[in-house]
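In each ligand, atom 1 is the first atom listed, and ligand 1 is the first ligand listed. Everything numeric here is computed off the predicted structure, so don't read it as measured data.
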Amino acid sequence: MNLIANWSYPTAIRFGAGRISEIVDACNAAGIKKPLLVTDKGLADMVITQSTLDLLAAGGLGRAMFADVDPNPTELNVEAGLQVYRDGGHDGVVAFGGGSGLDLGKCLAFMAGQTRPLWDFEDIDDWWTRADADAIAPIVAVPTTAGTGSEVGRASVITNSVTHQKKIIFHPKFLPSIVICDPELTVGMPSFITAGTGMDAFAHCLEAFCSPHYHPMSQGMALEGMRLVKENLPKAFADGTDIEARAHMMAAAAMGATAFQKGLGAIHAMSHPLGAVHNTHHGTTNAVVMLEVLKFNRPAVEGKLVQAANYLGIDGGFDGFFDFAASLINDLGIPKNLTELGVKNPDIEALTQEALKDPSTGGNPIEMTYDNTKALFEACI
Ligand SMILES: [Fe+2]
């Protein structure tokens, strides 16, 4: 099967194994002459990162990297990165990595020419119009995991280091101008990260599919995204070098993140404060709370998930879909509950309050209230 293509929706995507070799051409096309490659600490010394820097250097674009990025990037990472970006006289960003590297890279390109503080651009009402759009630097995004889909997203999640709240910073121009989706970059991912990130992609598709908002394009994409995860995540988990499975998972990740402009829901509303306070892995946390959220949403989503089950080739309607999700989570070795995930002495009251403030809350098919959200957290402990 030929898994190489150029897509222009939702942005220019160069998809296929080996296409990281086009990084210099992508920077040229985006108008970047002196890129700063932004990634996380864990990736900084890895071969995929160093060889990408080698390609940039050989193409005359320098070899600059900023990797002081925490797993849940904070405004302190943004400030440190901006210093490096400005001191180095850079004119664009190569955002490289999983969610943290991509989100911080995008945020640096956005903030590079702004004069107002970061929190002025939180995703509230039309706050994004406060930004000087012409001052946003170009972004080339290169995902190295298959889950977040941040490479096709118009926002970054940045954690406030003082309040431990995850904030969404939004602007339409956060959308990278060029994305290189090269599944070979994901081959070295440890299996638990393959599992967690893959379940993030699945959660994006599932929540977008179940969200009540009208967006038929996203609905179709979410459905096919779920099918790609069902067929390929177990293969990529069992054999990390299965490049075809890795490619399909990379496509599913980009599809999930494109689809969730239709809305997310309780899985993400709960996962965001859990990650911000307890530093849990985002995708893995989604998987841990997923089954309780499915049970909670059942009255509103039963019909839709019967359709999904039919398309995915699952017998038994809603129950069949639920059992499929449960065995996928089990087979991937995901912790059974939040306690097993490492959440110690959670402040359920505070988590509930934060979940209700999360923008994902509005996309849940059943209205989230203090009582039912608290009960959801309790059920996941
Ligand atoms: Fe997510």
Open item on the list: Tell me whether the rings of H171 and F110 are parallel (<30°), tilted (30 to 60°) or perpendicular (>60°).
Closed with: tilted

Open item on the list: Under a plain distance cut-off of 3.5 Å, with no hydrogens placed, do H248 and E231 share a side-chain donor-acceptor pair?
Closed with: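 H248 and E231 do not have a side-chain donor-acceptor pair below 3.5 Å.
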
Open item on the list: Considering only residues two or more places apart or on different chains, which pairs with a residue in residues 91-108 satisfy side-chain hydrogen bond (donor to acceptor under 3.5 Å, both in side chains)?
Closed with: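 Passing the test, one end in residues 91-108: D103-S150, K106-S150.
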
Task: Name, closest N/O/S atom of H268 to the Fe ion (ligand 1) - done: NE2

- [ ] Just give me the atom name: the N, O or S atom of D200 closest to the Fe ion (ligand 1).
- [x] OD1

- [ ] Taking the Fe ion (ligand 1) as the vertex, measure the angle between atom NE2 in H282 and atom NE2 in H204; round to 10°.
- [x]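 That angle is 170°.
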
Task: Note: D54-R63 ion pair, threshold 4.0 Å (strictly below) - done: yes

